[in-house]
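Quick note on labels: first sequence line is chain A, next is B, and so on, each numbered from 1.
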Protein chains: 2
Amino acid sequence: MDEATASIYFRFFNEIGILEQLGRARLEARLPKGMIAPHFSVLNHLIRVKDGQTPLVLARAFQVPKTSMTHTLATLQQRGYIDLRPNPKDARSKQVWLTPAGRAVRNQAILDMTPDFVELAKTFPREKIEEVLPLLENVRSFLDKARDP
Amino acid sequence: MDEATASIYFRFFNEIGILEQLGRARLEARLPKGMIAPHFSVLNHLIRVKDGQTPLVLARAFQVPKTSMTHTLATLQQRGYIDLRPNPKDARSKQVWLTPAGRAVRNQAILDMTPDFVELAKTFPREKIEEVLPLLENVRSFLDKARDP
DNA sequence: ACTAAATAGTACGAAATCGTATTAATGGAG
DNA sequence: CTCCATTAATACGATTTCGTACTATTTAGT
């Protein structure tokens, strides 16, 4: 691979990194005081996919060490956003369930983000974003499958 | 804005977030033991843009608090990748200069990443990536300008 | 059934990140 | 020139992230 081609891929991931940082800053500005992006991401995942999943499954979904997930879940539980119950199918394991407060704080955060999306849509209409989403999802899926489990 | 449209933008940033995590994991797997993505990013920035910049300028470029940049730079200096010298134009300030070791470790990391790009290119040819880069850069620029300095 | 390997979660400590407060230097108003 | 608000960097402490080691439980081989 020639250098110019490699630098295209490099720039791609570079842009992804900067966008993530800027997007995360925006998100956290809309979250309740003290709530950070990983907290929200877990709540959002539990709603989007389903709750009742085990901490390990969540850790894998987010590509973080299970010790990190333990810490995140402990914080969310302390604040009353999730319940950690024993897993009836495996006594080593647990299940993560959303509380009404957890659902509420996630839904409110989504509402609070809408003005930002409206602002963004003035310059980047929905169609522009929809054009690039498939590639992003495919690259994500590719990298996701390629990692050693 | 209707909910379906908002969810397009939400999904966009969601994909960005996951891609960043997967991309960062890949990058760090290619870096020398103990070197993490922010270390590499700073070295890379100093080469791509220029060295001799002040810590505060770097903190702003990376959108991190200046205390975080102080810590990152201290680590890079400890490992001999940068020199922190007094800023002749402002005695409160410093300048960050790359050492030959710093340049070398960055260039080697880039080389080590090429096989990953080659693998990626089999499924996602350069042209596909080039198609989406402009939008990513424009959204990044938009968010960058919209933040309160 | 019995033992060994694998698995789920956590305790613990190191490193990173970040907010607040502090120190030193600058620069503008008078 | 003097004063003081602003700025650059850091000290410090709280929280997050993560690697290693450990405990409890399950699974698989015999």
>> Using a heavy-atom cut-off of 4.0 Å across all strands, would you classify A:Thr70 as base, sugar-phosphate, or nothing?
In response: base

>> Applying a 4.0 Å non-hydrogen cut-off, can you work out what A:Ser93 is touching in the nucleic acid: base, sugar-phosphate, or nothing?
In response: sugar-phosphate

>> Under 3.5 Å, is there a donor on one side chain and an acceptor on the other for A:Thr5 and A:Asp2?
In response: yes

>> Do B:Lys89 and B:Ser93 pair up side chain to side chain, a donor and an acceptor below 3.5 Å, judged on atom types alone?
In response: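 Side-chain D/A pair, B:Lys89 to B:Ser93: absent.
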
> Step by step, would you call A:Arg126 with A:Glu130 a salt bridge (Lys or Arg N to Asp or Glu O under 4.0 Å)?
Replying inline: CA-CA 6 Å; A:Arg126 167 184 177 153; A:Glu130 280 176 318; 3.1 Å; yes

>> Please determine whether salt bridge (Lys or Arg N to Asp or Glu O under 4.0 Å) holds for the pair A:Glu137 and B:Arg11, giving the CA-CA distance in whole Å, both sets of side-chain angles, and the decisive distance to 0.1 Å.
In response: CA-CA 10 Å; A:Glu137 288 170 343; B:Arg11 270 175 56 209; 2.6 Å; yes

>> Near DNA chain C, counting only heavy atoms under 4.0 Å, which residues of residues 73-91 of chain A show up?
In response: none

Under 4.0 Å between a side-chain N or O of [X] and OP1 or OP2 of [N]?
| X | N | value |
| --- | --- | --- |
| A:Thr72 | D:dT17 | yes |
| A:His71 | D:dT16 | yes |
| B:Thr67 | D:dT10 | no |

>> Whether the side chain of B:Lys66 and the base of D:dA9 hold a donor-acceptor pair under 3.5 Å is what I'd like checked.
In response: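 Such a pair is found, so the answer is yes.
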
> On DNA chain C, which is the earliest and which the latest nucleotide, 5' to 3', with an atom closer than 4.0 Å to a heavy atom of chain B?
Replying inline: C:dA16 to C:dT26

> Start at the 5' end of DNA chain C and walk down; is the nucleotide closest to A:Gln95 or to A:Lys33 reached first?
Replying inline: A:Gln95

